[in-house]
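Report on one structure; see the data block that follows.
First the proteins, then the strands, lettered A, B, ... as listed; each starts at 1.
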Amino acid sequence: MAKEKMLLIDGNSLAFRGFYALYRQLDKFISPDGLHTNAIYSFKNMLDAILKQVQPDYCLVAFDAGKTTFRTRMYQDYKGGRQKTPSELLEQIPVIQELLTDLGIKQYQLNDYEADDIVGTMSLMAEEAGMEVTIYTGDRDLTQLASDSTTVLITKNGVGETEAYTPEHMMEEYGVTPTQFIDVKALMGDNSDNYPGVTKVGPKTASRLIAKYGSLEGVYDHLDDMKASKLKENLQNDRDKAELGKKLATIERHSPVELAIPDLKLGTGDPVKLRRLYERLGMKSFLAGLATGGEDDQVKVNYGYIELTEKNLADFKPAGESDFYLEMLGENYHLADFVGFAIKTNGQIYVSKDVALLTEAPLVDFLTGDLVKNVFDIKRTYVGLHRLGVTPQNFAYDMLLASYLINNENNSDDLGEIAHLYDNYQVKTDLEVYGKGKKMAVPEDEVLFNHLAGKVSVIGELKQQLLAKLKEHEQDALFDEIEQPLAFVLAKMEIIGMKVVPGSLVQLQSEFSAKLTQLEDSIYQAAGERFNLNSPKQLGQILFEKLHLPVIKKTKTGYSTSVEVLDQLKNASPIVNMILEYRQISKIQSTYVKGLLDTIQTDGRIHSRYLQTQTATGRLSSVDPNLQNIPTRTDEGKQIRKAFVASEKDGYIFSCDYSQVELRVLAHVSGDENMQEAFKTGYDIHAHTAMRIFHLKSPEEVTPLQRRHAKAVNFGIVYGISDYGLSKNLGITRKQAKEFITSYFDQYPQIKTYMDKAVKVAREKGYAETIMHRRRYLPDINAKNFNVRSFAERTAINSPIQGSAADIIKIAMINLEKELEKRQLKSKLVLQVHDELILDVPKEELETIKKLVPEVMQNAVKLDVPLIADIGYGHTWYDAK
DNA sequence: CTCCTCACG
DNA sequence: ACGTACGTGAGGAGA
């Protein structure tokens with residue numbers, strides 16, 4: 001029989017974490033009677049996640065009882081100097097306790113003891129009863145309880161993520177056992193608990209001493225053997241402090257709790273009380289969860305829909321602004337099965353499973369006629385209808401695009417999830433209705449029709465609210481003139497797809513196969529054994545344990561074997577180069593040769609999908625397959641491009657890419673005169689930068705190395721540079737990198753000003769913005785954690801640049817599509833790769849396209865510096881350079 | 001389902 | 001003193 005599971009939760013620590021996780025939204029989380037609820041909300045979400053992960057049989061949430069404990073009697077300043085718990089959090093603790101009781105989860109506190117001691121006592125009890133114990137907390141102190149049967153989960157930045165502390169993990173991380181961790185703390189002290197430890201001893205020294213001598217007592221037993229040093233002196237002088245620290249840090253595992261294990265059995269809770277509590281707190285999302293949870297509790301919304309069939313088609317009477325929703329099961333709408341559709345028009349909802357009806361007169365008229373239709377996901381709907389042979393007209397509002405522009409922190413494309421963000425809980429998520437993976441299926445008619453009816457009505461119900469938000473954000477033009485028109489352009493690109501000749505891929509496949517077999521043999525020979533070359537774990541063992549190559553970098557789970565590492569080991573063993581070559585070819589073989597062959601559809605073409613509401617910056621992404629990362633940097637990789645050919649036998653693949661678009665955007669938004677000057681005069685920008693930062697007189701004096709360095713600095717600037725990052729990229733010292741950067745800002749002073757301002761504005765507003773008012777929210781910009789905050793700061797610098805470049809090419813795409821239509825050209829836009837457009841061009845249109853495309857791209861927007869686009873063309877994508 | 005690795009701009 | 005480049009998607013391994 002499997003071991004029974006006990007889950008122990010440090011309630012105070014979690015409430016505290018939850019409170020600060022949503023601290024920024026403190027004012028948004030207020031119940032109707034004025035109580036703050038942010039910590040309650042987070043707590044419940046973390047609790048749900050952990051219950052789902054652990055699936056315990058028993059559970060206890062422990063809380064601190066009060067300020068005075070046996071530790072404060074031992075040392076009156078224990079936890080002294082701590083800021084008072086804010087009253088906004090304090091008021092939520094009793095409610096959390098009430099919530100737990102209503103959920104059927106035991107909660108407990110004990111006078112004179114901290115939550116830690118309750119957890120320590122119960123975990124020992126559970127271990128002795130032969131249970132598997134999980135402890136959940138935000139506090140590292142509890143790691144001392146880890147053992148073979150007890151895992152300590154520590155919350156990581158954000159909600160939901162945890163790091164698991166087992167004895168092995170602690171040994172790796174700190175080099176000591178869980179119980180030795182107490183002694184380490186005793187030596188180093190604890191700032192937040194306000195006890196000092198030994199002078200000048202920090203985590204490093206403390207762990208080293210304990211690892212060497214086994215325990216605090218061990219350290220002092222061997223004090224005499226130590227060489228005279230400052231450290232020895234400090235250890236001697238602060239012995240009292242260290243011994244006190246040990247007492248304070250030790251969790252009491254025999255506290256007088258009045259609990260027995262059966263008391264902690266997970267209950268079923270009280271749905272009636274829960275409902276009342278959620279209503280009191282105004283927590284709509286939890287109420288909605290309750291409704292879908294309990295059978296009898298089910299709140300049935302009756303939409304009063306009419307099921308459309310062949311027979312009652314004449315009763316379909318559309319009028320006025322209408323809403324339309326087409327359902328397909330699965331993400332890939334080029335292939336997905338049709339499920340049904342729903343229409344709301346003239347105050348009436350119609351639903352049907354019979355999509356063939358959409359090709360009959362009244363519905364075709366509705367879809368292709370003058371009536372304005374609101375939809376969710378124009379592109380998906382357009383492609384779906386196109387498969388049925390219908391080309392819709394007058395789709396005027398896309399709820400998915402609107403929600404993406406308003407706030408793309410949540411990049412969900414589920415209608416239900418998005419509705420929930422706007423406090424509308426009447427419609428469920430697709431996950432709830434259809435399930436996922438193998439279990440995904442269409443439910444019985446009544447459930448399905450209710451879901452479709454709910455979806456179609458939410459589109460219209462939330463429209464004004466979302467439009468108001470767009471207006472408030474000054475995003476009307478971005479929505480009306482860029483994203484919505486672009487959706488149609490992308491739909492057409494996807495429908496056309498790209499012609500691929502399988503023969504050339506098959507040819508490559510056998511060439512690469514032979515090469516891979518050869519390399520495998522040589523590698524196994526050099527290694528002295530066969531192993532799975534594709535397994536980083538096995539490869540690591542061979543390289544670093546068997547062949548004893550120096551370990552350069554470790555990952556969370558073992559040795560790193562990435563290119564970066566292998567490059568440095570090239571001279572250490574001949575096996576390394578063979579592995580690098582194997583890796584490179586194997587990647588091309590699996591992802592591009594085999595992978596692409598699998599995605600060619602029956603028409604001999606590849607129809608990728610562009611995700612328009614995916615990225616944080618406003619770029620597109622491409623999936624199933626990703627055509628935005630087809631190899632180009634190596635000769636072997638490039639061969640893949642030979643398989644992509646023009647539709648017509650003598651036609652061309654035509655490519656046109658922006659030159660340095662991100663740097664030009666930077667020159668524009670920063671207003672830097674020196675950089676603008678360089679672009680206006682048409683210099684090679686990297687050579688120009690080299691000339692300036694290395695103080696040369698003319699671009700002719702720039703050496704290739706200097707140009708390479710300058711280029712890396714230019715890239716670095718766009719990413720929010722650091723001297724470390726630059727030094728690593730160029731393989732130079734940090735000091736040199738720093739000098740480059742200083743010199744750069746010296747030469748381009750307004751770029752420095754721009755970077756500082758970008759961060760400052762993001763801090764004030766909470767988001768960064770592109771030239772077209774596309775937003776990226778940066779909640780971490782004021783984080784206390786240096787790393788988290790620094791990341792947000794670099795993002796604040798990079799997003800407006802990358803995002804504005806995305807805005808620009810999107811405008812170019814829309815304008816180009818318009819021109820192609822206006823001139824009735826047969827050339828088709830088939831791909832977009834961030835700064836590059838690719839067209840499928842009939843032979844006779846080549847000369848027109850050569851002039852038209854760069855012209856449209858260069859004039860997409862007017863910046864303070866010129867935009868330049870370069871062209872290339874050939875009979876295959878490989879030749880379009 | 002997560003991690004590592006690597007392809008692109 | 002902190003430990004770092006920005007944005008993506010896919011395949012294979014191993015739990």
Dot-bracket line, read 5' to 3' along DNA chain C, where crossing pairs take [ ] and | marks a partner on another strand, Watson-Crick or G-U under 3.5 Å: .....|||||||||.

Contacts of [X] that satisfy side-chain contact (heavy atoms from CB on, under 4.5 Å) - sequence neighbours left out:
| X | answer |
| --- | --- |
| Ser586(A) | Leu516(A), Asn534(A), Tyr582(A) |
| Thr151(A) | Leu153(A), Ala164(A), Thr166(A) |
| Ala690(A) | Phe694(A), Val702(A), Gln706(A), Ala710(A) |
| Asp598(A) | none |

Can you sort out the partners of Arg707(A) under salt bridge (Lys or Arg N to Asp or Glu O under 4.0 Å), two or more places apart, ordered by chain and number?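 Residues passing salt bridge (Lys or Arg N to Asp or Glu O under 4.0 Å) with Arg707(A): Asp684(A).
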
Applying salt bridge (Lys or Arg N to Asp or Glu O under 4.0 Å), can you list everything that pairs with Asp624(A), at least two apart in sequence or on another chain?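 Salt bridge (Lys or Arg N to Asp or Glu O under 4.0 Å) list for Asp624(A), sorted by chain: Arg609(A).
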
With sugar-phosphate taken as primed atoms, P, OP1 and OP2 and all else as base, the protein-contact string of nucleotides 4-9 of chain B at under 4.0 Å (heavy atoms; B, S, -) is SSBBBB

Going by the rule side chain to side chain donor-acceptor pair (under 3.5 Å), which residues pair with Lys379(A) if we only count those two or more places apart in sequence or in a different chain?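 Only Tyr333(A), Glu494(A) meet the side chain to side chain donor-acceptor pair (under 3.5 Å) criterion with Lys379(A).
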
Listed pairs under 3.5 Å, donor-acceptor, residues 661-668 of chain A side chains, sequence neighbours left out:
from	atom 1	to	atom 2	distance (Å)
Arg664(A)	NE	Ser659(A)	O	2.8
Arg664(A)	NH1	Pro866(A)	O	2.8
His668(A)	ND1	Asp864(A)	N	2.9

Quiz: residues 558-566 of chain A side-chain donor-acceptor pairs under 3.5 angstrom, not counting sequence neighbours:
from	atom 1	to	atom 2	distance (Å)
Tyr559(A)	OH	Glu545(A)	OE2	2.8
Ser560(A)	OG	Ser562(A)	N	3.4
Ser560(A)	OG	Ser562(A)	OG	3.4
Thr561(A)	OG1	Arg583(A)	NH2	2.8

Boundaries of the chain A footprint along DNA chain C (any atom under 4.0 Å from a heavy atom):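 Going 5' to 3' along DNA chain C, contacts run dC2(C) to dA15(C).
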
